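Numbers here simply count residues along the sequence, with the first being 1. Quantities reported herein were computed from a predicted structural model and do not represent experimental measurements.
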Amino acid sequence: MSANQSLDIVKNYFKAFNEGRTKDMLALLHPEIEHDINQGKKEVGLEAFVKFMAHMDNCYKEELKNLTYFVSENPNRVAAEFDVHGTYLKTDGSLPAARGQKYVVPAGSFLEIKEGKIKRVTTYYNLPQWIEMVK
């Protein structure tokens, strides 16, 4: 797979995210997707990813802006840097209470492509910074 093909897959993934097309996002994922959750554990498999997305959609409304993509010398690796513009809809576990707070937080994702699908997604953002925004 070429670097351009990998980049197109990742761009389509984030475009589907921003447009709320979860099914289209999921169609781009490898059945054994490895999802490294920010400051959390690794989850493996589409079922776990579907549950994660349902939880996120329940608690947050987010759009990724200022997307910038990076492709490594390994054409199967793509990274993206972006700003998460969101609204905190429903209290998420032990995090501060949700009251419709708006937030903008910088973030980055690292993705790996295998067999024409996204095999790994690792996303990082500054959780303490986000908590301060929504307190």
Side-chain angles (χ1 to χ4, degrees):
M1 174 158 281
S2 74
N4 284 338
Q5 290 170 314
S6 293
L7 180 59
D8 285 344
I9 291 168
V10 171
K11 284 182 173 182
N12 287 331
Y13 172 81
F14 285 117
K15 185 175 193 285
F17 175 87
N18 275 342
E19 295 174 357
R21 295 183 290 112
T22 304
K23 287 182 183 179
D24 292 340
M25 275 180 63
L26 297 174
L28 295 168
L29 300 179
H30 191 280
E32 297 170 7
I33 180 73
E34 297 174 10
H35 183 210
D36 297 306
I37 299 170
N38 187 67
Q39 295 183 267
K41 62 180 179 154
K42 176 184 290 221
E43 294 183 342
V44 178
L46 272 175
E47 184 178 327
F49 198 91
V50 168
K51 287 180 185 177
F52 173 82
M53 286 302 301
H55 171 79
M56 293 298 288
D57 289 344
N58 190 42
C59 295
Y60 310 92
K61 174 66 178 157
E62 296 181 328
E63 181 180 3
L64 310 180
K65 296 184 180 183
N66 304 318
L67 279 149
T68 303
Y69 299 95
F70 307 89
V71 180
S72 76
E73 291 178 8
N74 175 344
N76 297 319
R77 300 280 177 110
V78 178
E81 181 180 28
F82 45 87
D83 296 317
V84 181
H85 291 247
T87 304
Y88 190 26
L89 303 173
K90 183 177 178 186
T91 302
D92 188 354
S94 63
L95 293 172
R99 300 177 313 279
Q101 303 95 310
K102 304 280 186 196
Y103 55 89
V104 177
V105 64
S109 289
F110 303 90
L111 303 97
E112 182 177 351
I113 308 300
K114 181 179 178 184
E115 300 166 356
K117 301 276 187 172
I118 297 171
K119 173 71 164 86
R120 178 179 62 87
V121 176
T122 302
T123 300
Y124 294 109
Y125 59 91
N126 186 326
L127 183 59
Q129 179 186 38
W130 177 88
I131 290 171
E132 285 300 314
M133 288 182 200
V134 300
K135 276 186 176 177

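Distance check, rounded to the nearest 0.5 Å: CD of Glu63 to OG1 of Thr87 gives 10.5 Å. Note that the CG atom of Asn18 and the CZ atom of Phe82 stand 9.5 Å from one another [nearest 0.5 Å]. Interatomic distance, Lys41 NZ to Asp36 CG, rounded to the nearest 0.5 Å: 12.0 Å. With rounding to the nearest 0.5 angstrom, the CG atom of Leu28 is 14.5 Å from the NZ atom of Lys11. Rounding to the nearest 0.5 Å places CG of Asn74 at 4.5 Å from OG of Ser72. Here CZ of Arg99 is found 11.5 Å from NZ of Lys135. Values are rounded to the nearest 0.5 Å.
Closest non-hydrogen pair, Val104 versus Met133, comes out as O-CE, 2.8 Å. Residues Leu64 and Val84 come closest through the heavy atom pair CD2-CG2, 3.7 Å. Nearest heavy-atom pair across Leu95 and Thr91 is O-CG2, 3.7 Å. Considering every non-hydrogen atom in both Pro128 and Gln39, the closest pair reads CD-OE1, 4.1 Å. Taking all atoms of both residues into account, the shortest heavy-atom contact from Ser6 to Pro75 is OG-O, 2.6 Å. Looking at every heavy atom in both residues, Leu46 comes nearest to Leu26 through CD2-O, 4.1 Å.
For Lys119 (side chain) and Glu32 (main-chain N/O), a donor-acceptor pair under 3.5 Å exists by modelled atom type. Side chain of Lys114 to main chain of Ile33: no donor-acceptor pair is present (N/O by atom type, distance under 3.5 Å, no hydrogens or angles). Under a 3.5 Å cut-off, the side chain of Asn12 and the backbone N or O of Asp8 do form a donor-acceptor pair. One N or O on the side chain of Gln101 and one on the backbone of Ala97 form a donor-acceptor pair closer than 3.5 Å. Side chain of Ser109 to backbone of Thr123: no donor-acceptor contact under 3.5 angstrom is found.
Residues Tyr13 and Val44 fall into different hydrophobic clusters, defined by Ile, Leu, Val, Met, Phe, Trp and Tyr side chains chained together at heavy-atom separations under 4.5 Å. Under the 4.5 Å side-chain heavy-atom criterion for grouping Ile, Leu, Val, Met, Phe, Trp and Tyr, Val105 is connected to Ile131 within one hydrophobic cluster. No chain of hydrophobic side-chain contacts below 4.5 Å, direct or via other Ile, Leu, Val, Met, Phe, Trp or Tyr residues, connects Leu89 to Tyr125. Phe110 and Phe49 fall into different hydrophobic clusters, where Ile, Leu, Val, Met, Phe, Trp and Tyr are joined by side-chain heavy atoms under 4.5 Å apart, directly or via other members.
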- Task: Apply side chain to side chain contact (heavy atoms under 4.5 Å, CB included) to Val78 and Ile9, showing your working.
- Result: CA-CA 10 Å; Val78 178; Ile9 291 168; over 6 Å; no

- Stepwise side chain to side chain contact (heavy atoms under 4.5 Å, CB included) test for Met53 and Phe17: CA-CA 10 Å; Met53 286 302 301; Phe17 175 87; 4.3 Å; yes

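Using a 4.5 Å heavy-atom cutoff, the side chains of Glu112 and Glu34 are not in contact. Looking at heavy atoms from C-beta onward, Lys51 lies out of side-chain contact with Glu43 at the 4.5 angstrom threshold. Within the 4.5 Å cutoff, no side-chain heavy atoms of Met25 are placed close to those of Leu29. You'll find the side chain of Tyr60 reaches within 4.5 Å of the side chain of Asp92, heavy atoms only. No side-chain heavy atom of Thr68 sits under 4.5 Å from any side-chain heavy atom of Asn66. In this structure, the side chains of Pro106 and Asp83 come closer than 4.5 Å at one or more pairs of heavy atoms. You'll find the side chain of Arg77 reaches within 4.5 Å of the side chain of Arg120, heavy atoms only. In this structure, Pro31 and Glu115 have side chains that are not in contact, with every pair of non-hydrogen atoms separated by 4.5 Å or more.
The neighbour count for Glu47 CD, taken as heavy atoms of other residues, nucleotides or ligands under 6.0 Å away, does not exceed 12. Counting heavy atoms of neighbouring residues, nucleotides and ligands inside a 6.0 Å radius, atom OH of Tyr124 does not exceed 12 of them.
A tilted orientation is assigned to the rings of Tyr69 and Phe14, their planes being inclined by 30° to 60°.
In this structure, a donor-acceptor pair under 3.5 Å is absent between the side chains of Glu132 and Tyr103.
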